[in-house]
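If you're wondering where the values come from, they're calculated on a predicted model, not measured in any experiment. The chains referred to below are lettered A, B, ... by the order of the sequence lines, with proteins before strands, and numbering in each begins at 1.
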Amino acid sequence: MSATTDPYASTTDSTDGPVFTVTGQDWDTIDPSLADSDHIVVNMGPQHPSTHGVLRLVLEIDGETVTDARAGIGYLHTGIEKNMEYRTWTQGVTFCTRMDYVAPFSNEAAYVAAVEKLLQIEDQVPQRAMDIRVLMLELNRISSHLVCLATGGMEIGALTVMTCGFRDRELILDCFEAISGLRMNHAYFRPGGVAQDLPDDGLQRVRDTVALLKKRLPEYAALCNANPIFKRRLKGVGHLELAGALALGLTGPVVRATGYDWDLRRTQPYWGYDTYDFDVVTWDEPDAYGRFRVRLDEMWESLKIVEQALSRLEASQGDPVMIADRKIAWPAQLSVGADGQGNSPEHIAHIMGESMEALIHHFKLVTEGFRVPAGQVYAAVESPRGEIGCHAVSDGGTRPYRVHFRDPSFVNLQGTSIMSEGSMISDVIVAIASIDPVMGGVDR
Amino acid sequence: MTPEKDETPGEEVVPAGAQPFEVIDVREGSFGVHGSGDTSGFGGLNTTIVMPPASTAPFGGWFDEVAEHLEDGVSGAIEKVVVDRGEITFHIARSHLLETVRHLRDDPTLRFELCSSLSGVHYPNETGRELHVAIHLLSMSFRRRIRVEVSVPEGDPHLPSIVPVYPTADWHERETYDMFGIVFDGHPGLTRILMPDDWPGHPQRKDYPLGGIPVEYKGATIPAPDQRRRYS
């Protein structure tokens, strides 16, 4: 039989013999005498409810056992790195926050850390701005882990975990909305500080949320930790020891579940993490269950950090949240107008009515941006999924010459094959859920 | 386009024995506009783009220790060392790359266990060294980070794959091939990873257009991002 030109043809020849394409409900169309083995290649995804987004899995299966698993990515590639080369350094935040949309603050953190390192202004960023960043990062870690538990639970049929997870994540997103104006894609961290100070009720809101979370987080432990169904689905699945994890570059909860306490917040601290009191959570079972327990406990540690950050922010009320250097600090200020949004009327009055120099300065900084001396840096922070790094190159201009993000989901997803080959198809879902990839970050 | 030893502005501040500045480009004019009858004077601008120059020992802190142990292990591999903004970059000849990273990983005094990241940068005007590959290594034992940089010419964009040493580089190298067209010899399956398999061109190269489209807003047209004024 020659190769057919009809892409939807049911049977074609390949070097491995005839290939049958069945899409469900049509197995009867294959003559059983032609198919002499149970060896099947299954394309799971890119649109599949259990693949954590648009992830395509090419699974070679023998019966129910996966003999070869490969991940196909790129379906969510949006050229964020290329786009950032055509915007100012400040505008870059707006792009990179959209990569890993479940942990947007981590993306922003890696990027602004890199830009500040390039500008060599790390020690000029106000303390209050760094405390706000830590607060947001840790709240984001909780919300991200909640999504991981929620979607991971849903994929194994534990729908209650899903509804609880998204219910509690919503509390945190409400805080984000009150503070940054947006539930996701905040663009709140800026080179030199943060976009704006906390609103008047910001601290109280976060405090109330922390109190509520403290009541609700035990529910996950009570529902899952000793649940026999949950444990049977997770224990021993997606096993990966430390040596394999490091060879494949995996970081974050996957590594900490092997017992290695590698956490950049502790080992290479940034923004004052070394002054916070928290424990790096580890577990001694390098499987899906261990990773689940690491995430569960990490949420409590993040709550500890949030509470410490809250008391620091209480003490520093009124302090600046943007660098004093007027050649870098964003000139415009936001305020809440009658319609719920808008620019600060004082600033508008100043540049439009009082000072032509201020207007020129505003215009130059907003349209042209600030210049960054030529050179390159790499800055890494601990995202909920592991090390997110930003390699930023400047040619001395007002735009990044090149920005590359080392996204933890991208790297961790390389563990798919080793975690799922030899296991059942249903365990592939659990293994990938335990990696917790976010395809927006993988594909960028 | 520009020979490296063209002109070295600010030569007097270069410490004795240092190599010349890294000139990556010389740009004329401003705003990216040419032949427009610009009377502002910016059209006559002539800017030399230089990257941080090579450093000479002592580099300070643990940099010296790493540099010595690296030099001992693979002599002649290091083309240049750049210490800038608290980071150290080793420029390595591509022929020595594999043994260098193997030494960096295995030497008990170096122990760079994790390859954090690998990616490319395109400098179209750095003749003969247009494509750079930046490898970020992390020593978890010593809590140190270094950058290993390899440059290859656009006409011969080959360098050895480091997958045999760091399996994690698999997808990084595929992405770098996809985006820059850099070929990693010895990679187990160097195919495109983010772009479709039949995509023409390598999008992260500087000569690959962004493909932006103008935006219309209330009757006015805002040019595409790549058509707007540039200041650099």
Report yes if some heavy atom in the side chain of [X] is under 4.5 Å from a heavy atom in the side chain of [Y]; otherwise report no.
{"X": "B:R143", "Y": "A:W262", "result": "yes"}
{"X": "B:I193", "Y": "A:F410", "result": "yes"}
{"X": "A:V411", "Y": "B:H172", "result": "yes"}
{"X": "B:I49", "Y": "A:Y401", "result": "no"}
{"X": "A:H404", "Y": "B:Q204", "result": "no"}

Which atoms of [X] are under 4.5 Å from chain A, going by heavy atoms: the side chain, the backbone, both sets, or neither?
{"X": "B:E149", "answer": "side chain"}
{"X": "B:L118", "answer": "backbone"}
{"X": "B:R144", "answer": "backbone"}

Taking all heavy atoms of [X] and all of [Y], pick out the closest pair and write down the distance.
{"X": "A:K82", "Y": "B:P203", "value": "NZ-O, 2.9 Å"}
{"X": "B:M51", "Y": "A:A374", "value": "SD-CB, 4.0 Å"}
{"X": "A:V377", "Y": "B:E87", "value": "CA-OE1, 3.3 Å"}
{"X": "A:A247", "Y": "B:P167", "value": "O-CD, 3.4 Å"}
{"X": "B:A134", "Y": "A:H391", "value": "CB-CE1, 3.5 Å"}
{"X": "A:R399", "Y": "B:P225", "value": "NH2-O, 4.0 Å"}

Sort out for me which of A:A380, A:P373, A:G72 touches chain B most, counting heavy-atom pairs under 4.5 Å.
A:P373

Based on non-hydrogen pairs under 4.5 Å, which of A:R444, A:E85, A:Q120, A:Q268 is most in contact with chain B?
A:Q268

So which residue, [options], ends up with the most heavy-atom pairs under 4.5 Å with chain A?
{"options": "B:A169, B:G212, B:G120", "answer": "B:G120"}
{"options": "B:R145, B:E175, B:E113", "answer": "B:R145"}
{"options": "B:R105, B:K206, B:R192, B:M179", "answer": "B:K206"}
{"options": "B:V121, B:D170, B:L210", "answer": "B:L210"}
{"options": "B:V165, B:V82, B:L114, B:T47", "answer": "B:L114"}

Please report the interatomic distance NE2(A:H77) to CG(B:D178), rounded to the nearest 0.5 Å.
7.0 Å

Distance check, rounded to the nearest 0.5 Å: A:R402 atom CZ versus B:F180 atom CZ?
3.5 Å

Is it the backbone or the side chain of [X] that comes under 4.5 Å from a heavy atom of chain B, or both, or neither?
{"X": "A:L264", "value": "side chain"}
{"X": "A:S394", "value": "backbone"}
{"X": "A:L413", "value": "both"}
{"X": "A:A71", "value": "both"}

Expected output: side-chain A:R406 to main-chain B:S117 donor-acceptor under 3.5 Å
no

Answer yes or no: is there a donor N or O on one side and an acceptor on the other, between the side chain of A:E387 and the main chain of B:S116, under 3.5 Å?
no

Can you confirm whether more than 12 heavy atoms, excluding those of B:W62, are under 6.0 Å from its CH2 atom?
yes

So with a 6.0 Å cut-off around CD1 of B:I213, is the heavy-atom count from everything else above 12?
no

For A:T267 and B:M140, what are the C-alpha separation, side-chain angles and deciding distance, and is it a side chain to side chain contact (heavy atoms under 4.5 Å, CB included)?
CA-CA 9 Å; A:T267 52; B:M140 290 171 149; over 6 Å; no

Please state whether the rings of A:Y378 and B:H136 are parallel, tilted or perpendicular, taking 30° and 60° as the class boundaries.
parallel

